[in-house]
Amino acid sequence: MTRVIKFTKMHGAGNDYIYVNTLKYPIESPEKLSVEWSAPHTGIGSDGLVLIGSSDKADFSMRIFNADGSEAKMCGNASRCIGKYLYECGLTSQTAVTLDTLSGIKILKLHVEDGKVNTVTVDMGRPADMKEQPIEANGQKFTGTTVSMGNPHLVIFVEDIKDINLESIGPKLENHPLFPDRINVEFAQVLEEGKIRMRVWERGSGITQACGTGACATAVAAALTGKSGRKTDIIMDGGSLTIEWDEKTDHVWMTGGAVRVFDGEVIMNDE
Ligand SMILES: N[C@@H](CCC[C@H](N)C(=O)O)C(=O)O
């Protein structure tokens, strides 16, 4: 039997995913499809697959699969893109939307101008599991900070980010024995007060142009180690996000853009 699955390709700061509205197009094996569709030459090409669905606890739900098919608990960039998708596709007319994720319910605030969602602010909740982490890989010694934003991150500040060979060291740190569940890795450099340059090696997807939860983790690690205040712009390969770690509530707020790149359809030949 043949069936069509419509999808939308979107990116947040260059972190690109394939979005499927599962209310209309149910997906049976997202792990397998994420691997096939994310492949740059033989698939659609993306950092992974994001499923938008219903929820009995929130307005909508999000599931996120990395390019290797592994499921993550949270994705910052995808949460902003979902806000744009829901509003611009007419699935909601609200500018405050709740999103059920494997790391809890997140609140999206959509900033709308002329019917279009330009930027989205997400309440990313409280950071957790913060600790100083000495680590060695490729014969190099680093001291990082672990931060969980629902998913695990290791943030390492360096003098000059250009000295880091991310392609070589990223997989070593992702799969380091210290992290049995693997980890997302951020290398960061303070540029000036309130501005941090960051590059990311994502668990399950490798080098991506940006990571929303990674930007939050970097801002938290910077504030904890006295490298910045509570509000920071995180500048990544594909764009910037503004992160604020609120002192009163302990919640991290992420603000940034979301872009709809194109719509497409996949013709599935089900056996
Ligand atoms: N790109 C994302 C995070 C996606 C999941 C991550 N690779 C993991 O496995 O935890 C973001 O924008 O937060």
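The first residue in the sequence is number 1, and the count goes up from there.
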Margin query: Check the orientation of Trp37 and Phe7. Use parallel for under 30°, tilted for 30 to 60°, and perpendicular for over 60°.
Written below: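 Tilted: the ring planes of Trp37 and Phe7 meet at 30° to 60°.
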
Item checked: Distance (rounded to the nearest 0.5 Å) between Ile207 CD1 and Arg199 CZ ->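 Result: 5.0 Å between the selected atoms.
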
Donor-acceptor pairs under 3.5 Å, side chain of residues 24-31 to any protein atom, not counting sequence neighbours: which ones?
none

Co-membership, hydrophobic cluster, residues [X] and [Y], 4.5 Å side-chain:
X: Val261; Y: Ile5; value: yes
X: Ile107; Y: Trp253; value: no
X: Ile196; Y: Trp245; value: yes
X: Val122; Y: Ile105; value: no
X: Leu166; Y: Met236; value: no

Which pairs would a plain distance check flag for residues 175-182, meaning a side-chain donor or acceptor within less than 3.5 Å of a matching protein atom at least two apart in sequence or in another chain?
residue	atom	partner	partner atom	Å
Asn175	ND2	Pro171	O	2.9
His176	ND1	Leu178	N	3.1
His176	NE2	Glu136	O	3.3
Arg182	NH1	Asp68	OD2	3.2
Arg182	NH1	Glu174	OE2	2.7
Arg182	NH2	Asp68	OD2	3.1
Arg182	NH2	Ser70	OG	3.4

According to the ring pair (Phe, Tyr, Trp, His ring centres under 6.0 Å) rule, which pairs have a member within [range], sequence neighbours left out?
range: residues 100-151; result: Phe142-Phe187
range: residues 56-103; result: none
range: residues 202-224; result: none

Does [Y] offer a backbone N or O that forms a donor-acceptor pair with the side chain of [X] under 3.5 Å?
X: Ser34; Y: Asn66; result: yes
X: Asn184; Y: Arg203; result: yes
X: Asn151; Y: Met74; result: yes
X: Thr101; Y: Met62; result: no

Next item on the list: In sequence, state the C-alpha distance, the side-chain angles, and the governing distance for Thr208 and Glu202, and then conclude on side-chain hydrogen bond (donor to acceptor under 3.5 Å, both in side chains).
Entry: CA-CA 7 Å; Thr208 62; Glu202 278 196 41; 2.8 Å; yes

Next item on the list: Could you note down all residue pairs passing side-chain hydrogen bond (donor to acceptor under 3.5 Å, both in side chains) where residues 258-267 supplies at least one of them, sequence neighbours left out?
Entry: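 Passing the test, one end in residues 258-267: Thr8-Asp263, Arg260-Asp263.
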
Note to self: Ala221: which residues meet the side chain to side chain contact (heavy atoms under 4.5 Å, CB included) condition with it, sequence neighbours left out?
What the structure shows: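 If we apply the side chain to side chain contact (heavy atoms under 4.5 Å, CB included) test to Ala221, skipping adjacent residues, the hits are Thr145, Val147, Val155, Phe157.
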
Check: Under 4.5 Å between any side-chain heavy atoms of Asn15 and Gln209, yes or no?
Finding: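 No, too far: nothing below the 4.5 Å cut-off.
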
Check: Taking C-beta and beyond as the side chain, do Met268 and Leu33 meet within less than 4.5 Å on heavy atoms?
Finding: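 Yes, close enough: below the 4.5 Å cut-off.
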
Quick one: salt bridge (Lys or Arg N to Asp or Glu O under 4.0 Å) partners of [X], sequence neighbours excluded?
X: Lys32; result: Glu36
X: Asp59; result: none
X: Lys106; result: none
X: Asp123; result: none

Check: Does Asp237 come within less than 4.0 Å of Arg197, counting only side-chain N to carboxylate O?
Finding: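 Salt bridge flag = yes for Arg197 with Asp237.
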
Margin query: Just to verify, what does Thr225 make a side-chain hydrogen bond (donor to acceptor under 3.5 Å, both in side chains) with, not counting sequence neighbours?
Written below: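 If we apply the side-chain hydrogen bond (donor to acceptor under 3.5 Å, both in side chains) test to Thr225, skipping adjacent residues, the hits are Lys227.
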
